[in-house]
2 protein chains.
Amino acid sequence: MPEPAKRGRPGPRRALTENQILDAALTLLDEGGTDAASVRGIAAKVGVAPNAVYTYFPDKAAVIKGLVERLLGEVDHGLFVDRDQPWRQRVESLALELRTRLSAHPGVVPLMIGGPMDGPNALALNERLLELLADAGLHPADGARAAYLLIVYVFGSIALEVADLPQPGPLPPESERIGTRLLAFSATPPEPYPRTAAAAAELAAYISTEQYLWGLHRLLDGITTS
Amino acid sequence: MPEPAKRGRPGPRRALTENQILDAALTLLDEGGTDAASVRGIAAKVGVAPNAVYTYFPDKAAVIKGLVERLLGEVDHGLFVDRDQPWRQRVESLALELRTRLSAHPGVVPLMIGGPMDGPNALALNERLLELLADAGLHPADGARAAYLLIVYVFGSIALEVADLPQPGPLPPESERIGTRLLAFSATPPEPYPRTAAAAAELAAYISTEQYLWGLHRLLDGITTS
DNA sequence: TACATTATTTGTACGACGTACAGAATTAAC
DNA sequence: GTTAATTCTGTACGTCGTACAAATAATGTA
């Protein structure tokens, strides 16, 4: 929505766009963890003075907010708006899609939990979920509560996963912690401990996804039998 | 566990203790929010130079960790270790106790989610929950999964509450459109019901607790019918 | 009592952070 | 060519976490 333009115009060759800034922020978060998204770092990444960022965003919080919004905007609604599909499958698609999108950028999760998610895309997703549950035949009141439960589950699950993962580059000194965690949470204790960090990460990913689905099914059972 | 002491001894009047530092940190968090717990602020609160804190904690993260641990150490185990009580009630007691403890200090929640919770008290709680579920007759594998689900639910719920996400609003008026009703308790309360801020807070507290219990029951239903 | 030893606290300093403000640079409209 | 609008930079302030060395005060030993 660019204003109709007044007298004078752009600036000097316009070195920046909002999306470049968000790209830089996301890259930094992905490779350096939650604390790596500094305004100065972002500016450096796009080759600009630190305060140039403030031409496009009022403050750092706005950058984060924009980033979260863009991420949420990427979720594929096509997966769960199809009214001909069984509703449980649609909920599952939504939950899995969200999880996939978010855990692809673990550094973002603490930031998005840190502040209110009231952007248009967040609200749109909320709305979709409510519609979906209404399609499932739930009374609006029950639909709202079920939506709450599902949202809590999705975000809680991701937050827990992220909190457990090593934030910065190198993996933790000992994979012992992963081992005990899996022992506590997984159905079958990993008989052979993962040798390499990559194997450990892969196993953890598999188990946590499987875990996630199991919990989701229990949730759905709870909702339907109420 | 103070070392047996060598030759010389204390310092100059020992102005500090770990607990005083944690107290100051908690007070700051309570009255100023998550960002208010700065090392300098803590030091000022106990009337000491900023770096004096580093005599007792290696860094700020350790202070936070100590604070979380102390908080978790305060949960009353007596409420749910009684094997003669019905297990569902015991789980409920644990979940509610945790929620009460944590939402009494909302500023702490993002901090505790920010890092792994691997302190002794956290692990002890985990252990208690697993024992409880074992008492309930759940197969160890199912117990572990149920524990995961419950933990996700408890922390996710609290995190969501703290993050000011859209929670289900007042239930009665069913004629309203489903989407807009959810907005009733998000970021800025529009015009509806509560007149005073105190009344609104009270109502919100009631609703979110009630919501929490409902979700918990759905969870428990899901677990038992699996 | 005097001394040496040790734990605690402070003084000072550094680098990184978010961001405010004034000006330079650049472009478009007149 | 002048003018007005926009974008970016230079510089600066206050705050943060925290490292290092010196000052302080209490203790155990002599």
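Every chain is numbered from 1, with letters handed out A, B, ... down the list of sequences.
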- Query: Which nucleotide in the list C:dT19, C:dT9, D:dT18 gets nearest to the side chain of B:D59?
  - Reply: D:dT18
- Keeping to residues at least two apart or across chains, list the side-chain hydrogen bond (donor to acceptor under 3.5 Å, both in side chains) pairs with something in residues 36-48 of chain B. B:E31-B:K45
- Query: Expressed in angstrom and rounded to an integer, what is the separation of A:I64 atom CD1 from C:dT19 atom P?
  - Reply: 11 Å
- Kindly state which residues belonging to residues 36-50 of chain A come within less than 4.0 angstrom of DNA chain D, counting heavy atoms of the residue only, listed by number. A:R40, A:V48, A:A49
- Task: Measure the distance from CZ on B:F57 to P on D:dA19 and round it to the nearest whole Å.
- Result: 16 Å
- Between C1' of C:dA16 and NZ of B:K60, the distance in whole Å: 14 Å
- Do A:H105 and A:L26 have side-chain heavy atoms sitting under 4.5 Å apart? yes
- Query: Partners of B:D59 by side chain to side chain donor-acceptor pair (under 3.5 Å), sequence neighbours excluded?
  - Reply: none
- Note on the structure: Residues passing the salt bridge (charged side-chain N to carboxylate O under 4.0 Å, His left out) test with B:D23, sequence neighbours excluded, are B:R70
- Query: B:Y153: what forms a ring pair (Phe, Tyr, Trp, His ring centres under 6.0 Å) with it, not counting sequence neighbours?
  - Reply: B:Y212
- A:I21 atom CD1 is separated from C:dT19 atom P, nearest whole Å, by 13 Å
- Item | Atom-to-atom span, CD of A:E18 to P of D:dT6 - whole angstrom | 15 Å
- Item | Pair listing, salt bridge (charged side-chain N to carboxylate O under 4.0 Å, His left out) test, anchored in residues 108-117 of chain A, at least two apart | none
- Which whole-number value in Å describes the distance from B:Y56 OH to D:dT18 P? 18 Å
- Tell me: CG of A:N51 to C1' of C:dA20, nearest whole Å? 9 Å
- Item | Interatomic distance where CG belongs to A:L28 and C1' belongs to C:dG18 [whole Å] | 16 Å
